[in-house]
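Only heavy atoms go into these numbers, but all of them, side chains included; no hydrogens, no water, no symmetry mates. Residue numbers run from 1 in the order of the sequence given. Predicted, not measured: the structure shown is a model, and the values here were computed from it.
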Amino acid sequence: AAWQGERLFLRPCRRDLFSPHSFPHARPASAGRGTMALAHSASEPSLSGRQSGTSTTLKAGAGAMGLTPSGSAAALTTNLYDKMTAEGKFRDYVAPKIRPSGRSITVPLADSAERDLQPETYFPLPPTPAKERRFRKLSDGPGEITVHWGLRDQKLPGEEFRYGIRGVKGTTAEDAMKAGMLLGVAEYKNSVNERVYESNKREPLGKPHVRGHTLQMLPEGFGNASGVPVDGKKIIYGKHMQPDTEEVRQQYRKTHNNYAPGERIERNYNWPEETKGKNFAFGAGLAAAVEGAGAKMALSMDLEDDGTFKRTKLVTKVNEDYRNVQHPKVTKKTHYKQGAFGPPVPEGHRFGIKSASSEFTAASCIKGRYPLEEQMPDSDLGRCVKPGRRNVTSEDRAFGVPSIRTDIPAPHPSRRSIADECSYGDEPTASSILCPQRFDNKGIPDREFLIRRSREELEELMENMPLDNFDFDSTWAESVQLFEDGLPLVSLDAMLYVHSRQIEHHVGTTLKGLHLTTPVS
């Protein structure tokens, strides 16, 4: 840290620099706080005149080792409060003799810009231990041979050392080579016996392979002269070479895929005449497309592509029964091959062994069998029950804010912020999100159909409804009779219910008594 004017500048430094053996010229740690005096910086010019006879290099070396120039240990750190007090940076007019409470920042005594810019000289890093030095990647110095860390400091045997086990003295290689060697008459007799073999005739030992050719070498040597030398460039890029014919080019294109630059691949398709026009394009035109025809064809799985019904195929009953049993249809249960009525077990039979260790079933575990007292909230939820506390009250109330803020009015949904995480009790539940109502996508909840409205309001709502043979007056009169209070208010659900009863009555009358229902009136 360095103090300049009215600003405190902090410099990054190593933790181990603040040890008691990092800076020289500091008082011993045993000195009292009141009598503590700060040493001068090692880089201060006035210090050189006081300590004559000692070179600057020795002083810096002693400071790097945590020793004074005389070789004794010194306290190298102090706190910021004592340092600023000694330098007169501020004065305490209230209680100068009383030390303030708290802990001041620890700062070095002999800190300077020179030491911070040359940390390798004044604060050298500790060397790597000898046992760990070989594991470093940058452990090789200039001119050193790179050796794998597993082979460093490895004790190898001397040059005269030989690996392996010494063999038992016996027959040497020289004796083995000379064992079958023949000399003199014996060697001649053996060669005469070997002449009868074809291999000895064609491949005699120590002579070239004999192929039976009679070669006569010319004075110039083997081969014929090439004539006048020609530049290889003219042979590779010949100017007077005739180009290949179309037949040869087609053959090379087939055998070597040798296409000319920009040449299109020709597959020899027999295209109709319509495709040769300039404006021809593949695919069905917009004029021939019928809206919804593709989706209808995909959904009509029981029809052919041309719209006709699939033809009946006669197959054996055994194969069809096997297919129905082994491969069940979609949305149908799997056939377990236990007979038409299932396995031959009595009615009410349950497979498995009844648990004898507990009386609780899976249903009881899911539903729970806790009494009402255990289902109630804990007695200390939101209130203090310890005697002697200040928030103990005899009132039946809970402290804190509820999770669902029903104690305050909820803002209108149109003015509610997206960032508002507070729940006011008017938000949909998980059940309504998984199973939405019928007209939720239009913003109409089901409760709107149950609200009783006047005749004018209902007539305005049902004015644009596409209902055939709908008589509003008769439907209104029958809907009023459903409510036994005599008020001229009817819900939309009651109107739709009466209208559905009228439709059922009309259909039953048209079908001459089939599914005939009694009219509402």
Side-chain angles (χ1 to χ4, degrees), residues 128-263 265-268:
T128 306
K131 295 182 179 180
E132 301 179 4
R133 194 174 303 166
R134 63 174 183 170
F135 298 103
R136 295 188 59 188
K137 294 183 178 180
L138 302 178
S139 58
D140 298 326
E144 295 183 5
I145 300 176
T146 303
V147 183
H148 190 268
W149 60 267
L151 300 178
R152 288 181 181 272
D153 303 332
Q154 187 181 17
K155 297 181 179 179
L156 299 177
E159 296 181 357
E160 70 280 356
F161 179 79
R162 298 294 181 269
Y163 291 94
I165 302 175
R166 184 180 296 275
V168 181
K169 291 184 177 180
T171 305
T172 61
E174 182 180 1
D175 297 338
M177 295 293 295
K178 294 180 178 180
M181 185 174 59
L182 300 177
L183 300 174
V185 179
E187 191 277 334
Y188 175 75
K189 291 182 179 181
N190 183 61
S191 62
V192 172
N193 296 332
E194 293 288 339
R195 292 176 183 176
V196 298
Y197 298 107
E198 186 67 20
S199 59
N200 192 18
K201 295 178 181 180
R202 299 180 61 87
E203 302 178 10
L205 186 62
K207 296 181 180 180
H209 190 88
V210 179
R211 290 180 171 81
H213 303 313
T214 303
L215 300 178
Q216 294 181 359
M217 181 182 298
L218 300 176
E220 296 82 5
F222 290 101
N224 298 324
S226 302
V228 180
V230 182
D231 191 3
K233 179 179 179 180
K234 296 182 179 180
I235 297 177
I236 298 175
Y237 304 100
K239 294 183 178 180
H240 305 287
M241 296 288 295
Q242 296 293 333
D244 296 335
T245 60
E246 183 64 20
E247 182 180 359
V248 175
R249 196 184 70 83
Q250 293 292 341
Q251 183 178 3
Y252 268 96
R253 190 178 68 176
K254 181 178 181 180
T255 56
H256 295 75
N257 292 329
N258 186 16
Y259 289 88
E263 182 181 2
I265 298 177
E266 182 66 32
R267 294 184 174 86
N268 298 324

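Residue pairs meeting the salt bridge (Lys or Arg N to Asp or Glu O under 4.0 Å) criterion with at least one member in residues 179-203: none, sequence neighbours excluded. Applying the ring-ring contact (aromatic ring centres under 6.0 Å, His included) test to residues at least two apart or on different chains, the pairs with a partner in residues 161-194 are F161-Y163. Each salt bridge (Lys or Arg N to Asp or Glu O under 4.0 Å) pair with one or both residues in residues 174-185, not counting sequence neighbours, appears once here: E174-K178. Listed by first and then second residue, the side chain to side chain donor-acceptor pair (under 3.5 Å) pairs involving residues 243-258 are E246-R249, E246-Q250, R249-E263, Q250-R253, R253-E263 (not counting sequence neighbours).
Atom CG of L205 sits in a sparse spot, with 12 or fewer heavy atoms from other residues, nucleotides or ligands closer than 6.0 Å.
Under the ring-ring contact (aromatic ring centres under 6.0 Å, His included) criterion, Y197 pairs with no residue, sequence neighbours left out. Every residue was checked against the side-chain contact (heavy atoms from CB on, under 4.5 Å) condition with P208, not counting sequence neighbours, and none meets it. Under the side-chain contact (heavy atoms from CB on, under 4.5 Å) criterion, K234 pairs with D231, not counting sequence neighbours. Residues satisfying the side-chain hydrogen bond (donor to acceptor under 3.5 Å, both in side chains) test with S191, not counting sequence neighbours, are none. Residues passing the side-chain contact (heavy atoms from CB on, under 4.5 Å) test with R267 are I265, Y269, sequence neighbours excluded.
Atom OG1 of residue T172 and atom CE of residue M177 lie 11.0 Å apart, to the nearest 0.5 angstrom.
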